[in-house]
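Data first, discussion second: the structure below is written as C-alpha cells.
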Amino acid sequence: MRRQGGLFPVLLLALMAVPAAAAEKKVAVFDFELIDTSLEGEINGVDPAQTQRLTLLAPRLRADIDGEANFSIVDVTPVAEEAGKQVLRKCDKCVLALGKDLGADIVVTGTVQKVSNLILNINAYGHEVATGKLVAQGSADIRGNNDEMWGRGVEALWKNTLKKQFTAIEAAQ
C-alpha cells in the first residue's frame with residue numbers, strides 16, 4: 001500500500017518548528033545634551049568645539065544601532081525643532097511623546113557631563129515608548145576634551161554597554 005503526502009507534511013512541520021522572526025524595533029536617537037559643571041564653562045562660556053562634538057555623537061550611535069539586526073533608525077528630523085525647545089534629559093514624558101509621534105518603539109537620549117577639561121562622562125538612556133520603561137542605559141568616562149576622545153567614548157558606550165542591552169531586548173522578544 002502506498003502512503004500519500006510525501007514531502008509537504010514534513011516541510012510544514014519544519015516551518016512550524018522555526019520561531020517567527022522578531023519584529024524590527026524602530027529606534028529614535030535624539031541629539032546629546034551638554035551638562036557643563038566645570039569652572040571653565042562658567043568662566044569662558046560656550047565652547048564652539050564642544051558644541052560641534054555634541055552634534056557628532058547621536059549620528060555615530062544611530063549608525064551603530066542601525067547596524068544591528070532587528071533594529072532600524074527613525075529619522076528625528078520631523079520633531080527636531082520641538083525637541084530642541086526642551087531639555088530632554090529632564091522630561092521623559094516629552095521624549096516619549098516625541099517618540100510616539102515618530103512611530104518609534106524605543107527612544108534614546110544622551111548627555112555629556114563635563115566635570116573639567118580632562119574629565120567628561122558620556123551617558124545614554126533608552127526608553128520603551130509604549131511603557132516608558134528604561135530598557136538601556138550606559139555611561140563611558142573619557143579623559144580628554146577633544147574629537148578623538150569623544151568619538152572613543154561613544155564607541156565604548158555602545159560596544160561595552162548599550163549593545164549588550166539592545167541584544168537583550170532582541171532576545172526577550
Which pairs of donor and acceptor atoms, one on a side chain in residues 78-85, lie under 3.5 Å apart (sequence neighbours left out)?
unit_1: E82; atom_1: OE2; unit_2: Q86; atom_2: NE2; d: 3.1

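Annotation: side chain of L56 is not in contact with side chain of F32 (no heavy-atom distance under 4.5 Å). Looking only at side-chain heavy atoms (C-beta outward), T109 and R89 stay at 4.5 Å or farther from each other. The shortest side-chain heavy-atom distance between V115 and N121 does not fall under the 4.5 Å cut-off.
Residues L54 and L88 do not share a hydrophobic cluster, clusters being chains of Ile/Leu/Val/Met/Phe/Trp/Tyr side chains in contact below 4.5 Å. A chain of hydrophobic side-chain contacts below 4.5 Å, direct or via other Ile, Leu, Val, Met, Phe, Trp or Tyr residues, connects V108 to I169. Both W158 and F71 sit in one connected hydrophobic cluster of ILVMFWY residues. Membership requires side-chain heavy atoms under 4.5 Å apart, directly or through other members. Residues L34 and F30 fall into different hydrophobic clusters, defined by Ile, Leu, Val, Met, Phe, Trp and Tyr side chains chained together at heavy-atom separations under 4.5 Å. At a threshold of 4.5 Å between side-chain heavy atoms, the hydrophobic network of Ile, Leu, Val, Met, Phe, Trp and Tyr places V29 and L57 in one connected group.
The heavy-atom pair separating V95 from V107 by the smallest distance is O-CG1, 3.8 Å. The two atoms that bring V76 and A28 nearest to each other are CG1-CB, 3.8 Å, heavy atoms only. Looking at every heavy atom in both residues, L102 comes nearest to D75 through CD2-O, 3.4 Å. Shown here for L96 and G132, the closest heavy-atom pair between the two residues is CD1-CA, 3.6 Å. Contact between A136 and F166 at its shortest, heavy atoms only, is CB-CE1, 3.9 Å. What you find for E24 and S72 is that their closest heavy atoms are OE1-OG, 3.2 Å.
A distance of 7.5 Å separates CG of D47 from CG of N117, quoted to the nearest 0.5 Å. Remark: Q113 CD to S38 OG distance equals 10.0 Å, nearest 0.5 Å. A distance of 9.5 Å separates CD1 in I106 from CD1 in I73, rounded to the nearest 0.5 Å. The structure places NZ of K163 at 11.0 Å from CD of E155, a figure rounded to the nearest 0.5 Å. The NZ atom of K114 sits 13.5 Å away from atom CD1 of I35, with the distance rounded to the nearest 0.5 Å. Between the CD1 atom in I122 and the OG atom in S139 there is a gap of 8.5 Å [rounded to 0.5 Å].
In summary, of the residues considered (H127, Q165, E128, K25), a side chain to side chain contact (heavy atoms under 4.5 Å, CB included) with V135 occurs for E128 alone.
At a cut-off of 3.5 Å, with distance as the only test, a side-chain donor of N145 or Q50 sits close to an acceptor on the other residue.
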Between I142 and R152, does a side chain to side chain contact (heavy atoms under 4.5 Å, CB included) hold up when you go through it step by step? CA-CA 8 Å; I142 60 173; R152 283 185 184 183; 5.7 Å; no

Evaluate the criterion salt bridge (Lys or Arg N to Asp or Glu O under 4.0 Å) for residue pair R62 and D31; output intermediate values, then yes/no. CA-CA 10 Å; R62 286 181 193 117; D31 289 340; 3.7 Å; yes

